[in-house]
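These notes are about the structure you will find just below.
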2 protein chains.
Amino acid sequence: MEEKSGRPGPKRSLSAGRIVDVALELFDGEVPSIRGVAARLGVRPNTLYTYLPDRAALERALVDRLLAEADPDLLLGRRSWRRRVEDYACALRGVLLRRRGAAALLHSAPMDGPNALLVGERLLALFITAGLPPTEASRATYAVIVQVLGAATLTAADQDGRSEEEVVAARQSLEIPAEHFPLTAQTWPTAATWNTEHQFRWSLRALLDGLVR
Amino acid sequence: MEEKSGRPGPKRSLSAGRIVDVALELFDGEVPSIRGVAARLGVRPNTLYTYLPDRAALERALVDRLLAEADPDLLLGRRSWRRRVEDYACALRGVLLRRRGAAALLHSAPMDGPNALLVGERLLALFITAGLPPTEASRATYAVIVQVLGAATLTAADQDGRSEEEVVAARQSLEIPAEHFPLTAQTWPTAATWNTEHQFRWSLRALLDGLVR
DNA sequence: CCGATCTCTGTACGGCGTGCAATATTGCAC
DNA sequence: GTGCAATATTGCACGCCGTACAGAGATCGG
């Protein structure tokens, strides 16, 4: 019934989707190795090459999956457009921080998967709602993507598995040579919170202010 | 005369600095391998471990070198503070794009080297000049860093060695399914220019507007 | 001159991505 | 049913990678 085409050869024991599934499951800070994924699937490494051209394809597929873990429907609804952008951005940030290293991955490949397009479309709609002409709305969309991914990547690198409180405490106790960097030393209590969700929201709000000024 | 301490053992044939030198020279999209650097130095790979604890240390050292390639003095002078931020940001972007992959590298390690601190201090001073209270100036500094590194990283990933014109042309000829993403399709000519310096400056200006609103 | 100390090398281990030929399995045409 | 062509999976191999470890040679203070 649901047998696909009448092509000869043995049945496939896997699928690209299943491979990405377990790669995602194994994902922890880094994209798992081909051999690691194969081992978890109880299969020789080369078997994966039946389903994927190379490791880069696995990475690309992972990017799209990860993007889908933040619910794009947060960009819909009847809340204010700013609220929706903020909520979605925070959700995405959360996903990228929980999956350590995911941010760097997202950042390393051009995002042209279907999920990326969907998010772009909805951001675009939001900015047009906010009164921007289409051209500026497009630019604003990219600016927001940059800010969200950039912040998530830096925070993920700095965090490295620790909780937000631990990271702040660790930074707070850093010694800044006040004779060379007086302003930095003076404002260091704030700089210690650079990688918090609070700072994330603050930056995002500032950017949105500037975009619709 | 300049002989260091009277410590036994043969003279060192290298130095950490020299290693970073040739690593930078060999850098092209990715941090060169330990073995590659050693080969270029005419030495066995393990020799490098006399000067560096591990490969991560090489990466960290490279980050600081790369950061220094954009002249921090661009943040000084008597031009308007906005102009200085913009000029420095563009210079840094240029460095990160010329050295493909450098952006991702900068982004993957917490930046706490001396060069990073210097840049931070000067940005801080600029925002205080602009009238922000110290706490907000600190936050603004980070927001700018995020935007610059984020944009450079995404652009570097998308560019992959091609010129700006080639990238724009390639994106322009992409087919966007208008029935699913009407707004995206409509504004695609703009989206094709997302990774240009022009868009970079536009986003940065918007962010600065929002920061000092 | 001795012994301590340090640099550099030889060798090796375990991991990686992946190319290639062989093997086993299947569906289709006859 | 039988043979054929297409296919999935494997075994093996290659050339990379980072780096641990022990030993050889150089260079110093005493």
Side-chain angles (χ1 to χ4, degrees), chain A residues 1-63 100-101 104-105 108-109 160, chain B residues 1-63 100-101 104-105 108-109 160:
Chain A
M1 284 299 115
E2 67 171 343
E3 205 60 284
K4 212 40 186 300
S5 70
R7 55 155 179 50
K11 312 273 166 142
R12 309 191 132 196
S13 62
L14 300 172
S15 70
R18 173 115 184 76
I19 294 174
V20 178
D21 283 344
V22 339
L24 194 55
E25 188 182 318
L26 256 38
F27 189 106
D28 177 41
E30 299 197 342
V31 180
S33 68
I34 292 282
R35 298 172 106 105
V37 174
R40 169 62 77 101
L41 285 164
V43 109
R44 291 316 133 221
N46 337 356
T47 301
L48 302 199
Y49 288 86
T50 304
Y51 305 92
L52 302 170
D54 54 20
R55 182 189 160 81
L58 176 60
E59 292 180 3
R60 257 177 283 123
L62 272 174
V63 164
R100 300 159 19 195
L105 189 60
S108 71
D160 197 34
Chain B
M1 284 303 113
E2 66 171 343
E3 204 60 283
K4 209 44 185 300
S5 68
R7 54 153 181 53
K11 311 271 165 142
R12 309 193 132 194
S13 64
L14 301 172
S15 70
R18 174 114 184 76
I19 294 173
V20 178
D21 284 343
V22 340
L24 193 55
E25 188 182 318
L26 256 39
F27 190 105
D28 177 45
E30 299 198 340
V31 180
S33 69
I34 292 284
R35 298 173 105 104
V37 175
R40 169 62 77 101
L41 285 163
V43 109
R44 293 310 138 221
N46 344 4
T47 302
L48 302 199
Y49 287 87
T50 304
Y51 306 92
L52 301 171
D54 54 21
R55 183 189 159 82
L58 176 61
E59 292 180 4
R60 257 177 283 122
L62 273 174
V63 163
R100 299 160 18 194
L105 190 60
S108 71
D160 198 34

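Order of the sequence lines sets the chain letters (A, B, ...), proteins ahead of strands, with each chain counted from 1.
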Under 3.5 Å, which donor-acceptor pairs link side chains of residues 42-49 of chain A to any protein atom two or more places apart or in another chain?
unit_1	atom_1	unit_2	atom_2	d
Thr47(A)	OG1	Arg44(A)	O	3.1

Next item on the list: Name the residue closer to the 5' end of DNA chain D, choosing between Gly36(B) and Gly9(B) according to the nucleotide with the nearest heavy atom.
Entry: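 Here Gly36(B) is the residue nearer the 5' end.
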
How many Å lie between [atom1] on [X] and [atom2] on [N], as a whole number?
X	N	atom1	atom2	value
Arg7(B)	dG30(D)	CZ	P	16 Å
Arg12(B)	dT27(D)	CZ	P	15 Å
Ile19(A)	dG17(C)	CD1	P	13 Å
Arg44(B)	dT11(C)	CZ	C1'	12 Å
Glu30(A)	dC17(D)	CD	P	17 Å
Leu52(A)	dT9(D)	CG	C1'	15 Å
Ile34(B)	dA20(D)	CD1	C1'	14 Å

Next item on the list: Indicate the atoms forming the closest heavy-atom contact of Leu62(B) with Phe27(B), along with that distance.
Entry: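 Answer, listing the atom of Leu62(B) first, then Phe27(B): CD1-CD1, 4.2 Å.
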
Non-neighbouring partners of [X] that pass salt bridge (charged side-chain N to carboxylate O under 4.0 Å, His left out), sequence neighbours left out:
X	answer
Asp54(B)	none
Arg60(A)	none
Arg40(B)	Glu25(B)
Glu59(A)	Arg55(A)

Next item on the list: Report yes if a side-chain nitrogen or oxygen of Lys11(B) is closer than 4.0 Å to either non-bridging phosphate oxygen (OP1 or OP2) of dC8(C); otherwise report no.
Entry: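 No, because none of the side-chain N or O atoms of Lys11(B) sits under 4.0 Å from OP1 or OP2 of dC8(C).
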
Next item on the list: Examine dC8(C): is either OP1 or OP2 under 4.0 Å from a nitrogen or oxygen in the side chain of Tyr51(B)? Give yes or no.
Entry: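 Answer yes for this pair, as a side-chain N or O of Tyr51(B) is under 4.0 Å from OP1 or OP2.
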
Checklist line | Selection from dT19(D), dT10(D), dT5(C) that lies nearest to any side-chain heavy atom of Val43(A) | finding: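 The nucleotide sitting nearest to the side chain is dT10(D).
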
Margin query: I want to verify a distance call: between dT26(C), dT19(D), dT18(C), whose nearest atom is closest to the Asp54(A) side chain?
Written below: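 For Asp54(A), the side-chain atoms sit closest to dT18(C).
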
Next item on the list: May I ask you to say what Ser33(B) touches in the nucleic acid, namely base, sugar-phosphate or nothing, with a heavy-atom cut-off under 4.0 Å?
Entry: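 Sugar-phosphate: the residue Ser33(B), judged by heavy atoms under 4.0 Å, touches backbone atoms but no base.
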
Notebook entry, point to check: Reckon Thr50(A) touches a base, only the sugar-phosphate, or nothing at all at heavy-atom distances under 4.0 Å?
Noted result: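 Thr50(A): base contact, heavy atoms under 4.0 Å.
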
Next item on the list: Return yes if the base of dT19(D) and the side-chain atoms of Arg35(B) contain a donor-acceptor N/O pair under 3.5 Å, otherwise no.
Entry: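 Under the 3.5 Å cut-off, the side chain and the base do form a donor-acceptor pair.
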
Notebook entry, point to check: Can you tell me if CZ on Arg12(A) sees more than 12 non-hydrogen neighbours from other groups inside 6.0 Å?
Noted result: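 It does: Arg12(A) CZ has more than 12 such atoms within range.
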
Item checked: Any strand: nucleotide that pairs with dT9(C) via Watson-Crick or wobble, under 3.5 Å ->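 With both distances under 3.5 Å, dT9(C) matches dA22(D).
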
Every protein N/O lying under 3.5 Å from an N/O of nucleotides 19-23 of chain C:
unit_1	atom_1	unit_2	atom_2	d
dG19(C)	O6	Asn46(A)	ND2	3.0

